[in-house]
Amino acid sequence: MSSNPGLLLDERRLAGNLGIPLLLLVVLAMVTLPMPPFLLDVFFTFNIALSIVVLLVAIYALRPLDFAVFPTVLLAATLLRLALNVASTRVVLLYGHEGTGAAGKVIQAFGDVVVGGNYIVGIIVFMILLIINFVVVTKGAGRISEVSARFTLDAMPGKQMAIDADLNAGLISQDEARSRRAEVTQEADFYGAMDGASKFVRGDAVAGILILVINLFGGFGIGMIQHNLSFDLALQYYALLTIGDGLVAQIPSLLLSTAAAVMVTRANSSEAMGSQVFRQMFASPRALYVSAAILAIMGSVPGMPHFAFLSLALAAAGIGWYINRQKKQAEAQALEAGKEPEKAESEAPEEAGELGWDDVMPVDMVGLEVGYRLIPMVDKMQGGQLLNRIKGVRKKLSQELGFLVPSVHIRDNLDLLPGAYRITMMGVIVGEAEVYPDRELAINPGQVFGKIEGIEVKDPAFGLDAIWIEKAQKERAQTLGYTVVDASTVVATHINKVLQSHAHELLGHEEVQQLLDMLAEKSPKLVEELVPKKLSISVLLKVLQNLLMEQVPLKDFRTIMESLAEAINRTQDPLALTAAVRVSLARLIVQTVNGPGADMPVITLDPQLEQMLLSSMQQRQQGEEGLVLEPGMAERLQKSLSQAAQNQEMKGQPSILLVSAPIRPLLAKFVRYGEQQIHVLSYQEIPENKNVTIVATVGGQNG
């Protein structure tokens, strides 16, 4: 034996590299070449020994990952057993007429000794083993493998974030974090492989049934037709050989199925299975005492086997007494050492002070949570530009919307991935994505002239195709037609998009009061006569939120209040008040949507559909049940509107749906959550100086 460690390692690698090709050659030889009975005995014995070893290794493994190669071993053992089945089938069919010893001593022993030489008993025993293997063990293990694989894959992101959090908190080192990440990956790979390996076992059980049928009927026919055996003799020879062959294959198959079930049902803890079972099943002696009492009662019933029941009752009571004594000794030793396990947990909470309202943390109206790799982006001392970008976004939005957008509270969150961020409103997540601070995002605006290497993603703000590229590739990407921005701009643009979409949620009573106070400085009479005498702040807030929801800015707050002062005498309904305000803001709305041009392309509804919607609205106003849109009609209308909006987008024109005033709020809500952005206006909201051109009519029988 060589004393050189390097040479010994090379020898082991050589043996490992030669093992797989040799196994494949053996399998191919068994499938294709005739095999003498002696070799069949050797390989069948080796197959049984291998199955026993695999089962014991699975039992003694502390964790499933300690036997991570099990799926590969299971595949190799299954292929070996199937190859043996093919080889033994050839021998049985060729030489079965010579007697029950024609296929080797192992098959003969299982046919003669195990089932007593009775082929009827043999078939029954074989079928019982097959049912146990296929229906009970394999089916249950396969289901557990499938569920474990799915749950393990679903839990991977959480485990990775927990590792990053421990690393950031200094609880583990870089090497430990790397090791734990690798273990999480290996665990997912193992359970995924076990899910597939369980299918090998099921297929092997099905193959066993088919091989049994083929050997039995094929051998029976060959013996009687080719070798002129009598019916009884052919049945005796080939039935016993077939049953012996089936049992030799099914017993290792059952052992491997049991090993697979043990592996997938093991809890992932570093503890031997025997210790784990004993600790959890016999942790309390109460179960043993109750079991002993039940066994004693059953054993005292006349006609019962008294010795078996009473002896087991005494054994259960004795084990329970032993466990109880061990627990008392452990508690006495703990008390002598100055530890009181039962009281240790109750001492600490007594020192806690009384709770107060200061312990209730207020929810941020707008929040931004970042992973630890994005902290330099929000730190001015490290050259971070994100704070300035967010400040610019707030300023621009405040000017466009007409009220002060609340500040964005930024904090780090170790539960996030290192490069991830999360946007929240009132504590609810409204947007999240992952960025790369050391790269730049090349956004595909719709037409580029080449491909560039990088990490392909979707732009978090608008969902466009984008690629995170190295900073050195910026000029080349711009030359190809990409729009290139840095990570801070990506986050700021995403925040801008989210705030615009949820602007109506940012406006509250305090903001409305601020708007009224500012207007009172210039038009005190208007505010004094209207609020709160005729119009409550709550109704005003609802009207303003309705306007923001439909992307109507509040910049012209004086016009809004004047139109409300005129309409409040007719109605108190917020929707009707919103419609009145929209008519007063018609020029601002149309300019925001269509620009200052005189031409205005619009999409209209089919006259019959519009009349039906008007009738339905009138029925609802009269208290009757009126169907607004059937599901099929709603789907067709949605597709038609989406197609018309796409056509307008390709022409570079806005998508404007022009309808009657009573149904405008209904259709505005209908198109709000569609994929295409469509502005819904009423006929009263079109200024007189605009030239309206109908580019499409939707909702008819043809779409």
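When reading the values below, keep in mind they use all heavy atoms of this one structure, side chains included, and skip hydrogens, waters and symmetry mates. This chain uses plain numbering: 1 for the first residue, then up along the sequence.
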>> Please evaluate residues I560 and L544 with respect to the criterion side-chain contact (heavy atoms from CB on, under 4.5 Å), reporting the C-alpha separation (whole Å), side-chain torsions for both, the decisive distance (0.1 Å), and the verdict.
In response: CA-CA 9 Å; I560 294 174; L544 298 180; 4.0 Å; yes

Determine whether [X] and [Y] make a side-chain contact, defined as any pair of heavy atoms from C-beta on separated by less than 4.5 Å.
{"X": "T489", "Y": "V491", "value": "no"}
{"X": "N569", "Y": "K534", "value": "yes"}
{"X": "D465", "Y": "E456", "value": "no"}
{"X": "L575", "Y": "N546", "value": "yes"}
{"X": "L506", "Y": "M425", "value": "yes"}
{"X": "V671", "Y": "L641", "value": "yes"}
{"X": "V366", "Y": "S407", "value": "no"}
{"X": "K395", "Y": "K391", "value": "no"}

Just by modelled atom types, is the [Y] backbone N or O under 3.5 Å from a matching donor or acceptor in the [X] side chain?
{"X": "Q545", "Y": "L507", "answer": "yes"}
{"X": "R394", "Y": "P406", "answer": "yes"}
{"X": "N496", "Y": "A492", "answer": "no"}
{"X": "S536", "Y": "P532", "answer": "no"}
{"X": "E511", "Y": "G508", "answer": "yes"}
{"X": "R422", "Y": "E369", "answer": "no"}
{"X": "S660", "Y": "P662", "answer": "no"}
{"X": "S523", "Y": "A520", "answer": "no"}
{"X": "N413", "Y": "D415", "answer": "yes"}
{"X": "K690", "Y": "G597", "answer": "yes"}

>> Are there over 12 heavy-atom neighbours, none belonging to E566, within less than 6.0 Å of that residue's CD?
In response: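 Open: at most 12 neighbouring heavy atoms sit under 6.0 Å from CD of E566.
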
> Should we count CE of M426 as having more than 12 external heavy atoms under 6.0 Å?
Replying inline: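 Yes, because the 6.0 Å sphere around CE of M426 holds more than 12 heavy atoms from other groups.
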
Determine whether the side chains of [X] and [Y] contain a donor N or O and an acceptor N or O closer than 3.5 Å.
{"X": "Q677", "Y": "E649", "result": "no"}
{"X": "T559", "Y": "S584", "result": "no"}
{"X": "D517", "Y": "Q513", "result": "yes"}

Atom [atom1] in [X], atom [atom2] in [Y]: separation rounded to 0.5 Å?
{"X": "D412", "Y": "I375", "atom1": "CG", "atom2": "CD1", "value": "4.5 Å"}
{"X": "Y683", "Y": "T604", "atom1": "OH", "atom2": "OG1", "value": "6.0 Å"}
{"X": "S398", "Y": "L404", "atom1": "OG", "atom2": "CG", "value": "5.0 Å"}
{"X": "L554", "Y": "F403", "atom1": "CG", "atom2": "CZ", "value": "6.5 Å"}
{"X": "F462", "Y": "H494", "atom1": "CZ", "atom2": "NE2", "value": "9.5 Å"}
{"X": "R570", "Y": "L577", "atom1": "CZ", "atom2": "CG", "value": "8.5 Å"}

> Where do E685 and R582 land on the salt bridge (charged side-chain N to carboxylate O under 4.0 Å, His left out) test, with the steps shown first?
Replying inline: CA-CA 7 Å; E685 295 171 3; R582 287 180 60 91; 2.8 Å; yes

>> For a side-chain contact (heavy atoms from CB on, under 4.5 Å) check, start with the C-alpha distance between L667 and L605, then their side-chain angles and the critical distance, and finish with the verdict.
In response: CA-CA 11 Å; L667 289 173; L605 291 179; 3.4 Å; yes

> Who are the ring-ring contact (aromatic ring centres under 6.0 Å, His included) partners of H679, not counting sequence neighbours?
Replying inline: none

>> According to ring-ring contact (aromatic ring centres under 6.0 Å, His included), who are the partners of Y436, at least two apart in sequence or on a separate chain?
In response: W468

So does [X] pair up with [Y], basic N to acidic O under 4.0 Å?
{"X": "R389", "Y": "D486", "value": "yes"}
{"X": "R439", "Y": "E470", "value": "yes"}
{"X": "E400", "Y": "K396", "value": "yes"}
{"X": "K525", "Y": "E529", "value": "no"}
{"X": "E550", "Y": "R664", "value": "yes"}

> Step by step, would you call L637 with L609 a side-chain contact (heavy atoms from CB on, under 4.5 Å)?
Replying inline: CA-CA 10 Å; L637 179 59; L609 175 60; 4.1 Å; yes

Nearest non-hydrogen partners of [X] and [Y], listed with the distance:
{"X": "M561", "Y": "L519", "result": "CG-CD2, 3.5 Å"}
{"X": "S488", "Y": "L386", "result": "O-CD1, 3.5 Å"}
{"X": "P601", "Y": "Q653", "result": "CG-OE1, 3.6 Å"}
{"X": "V680", "Y": "A668", "result": "CG2-CA, 3.8 Å"}
{"X": "L515", "Y": "G402", "result": "CD2-O, 3.4 Å"}
{"X": "A565", "Y": "I568", "result": "O-CG2, 3.5 Å"}

>> Run I467 and V457 through side-chain contact (heavy atoms from CB on, under 4.5 Å) and show every step you take.
In response: CA-CA 6 Å; I467 303 174; V457 295; over 6 Å; no

>> Against N594, only a single residue in I686, I656, D599, L681 fulfils side-chain contact (heavy atoms from CB on, under 4.5 Å); can you say which?
In response: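 Passing option: I656.
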
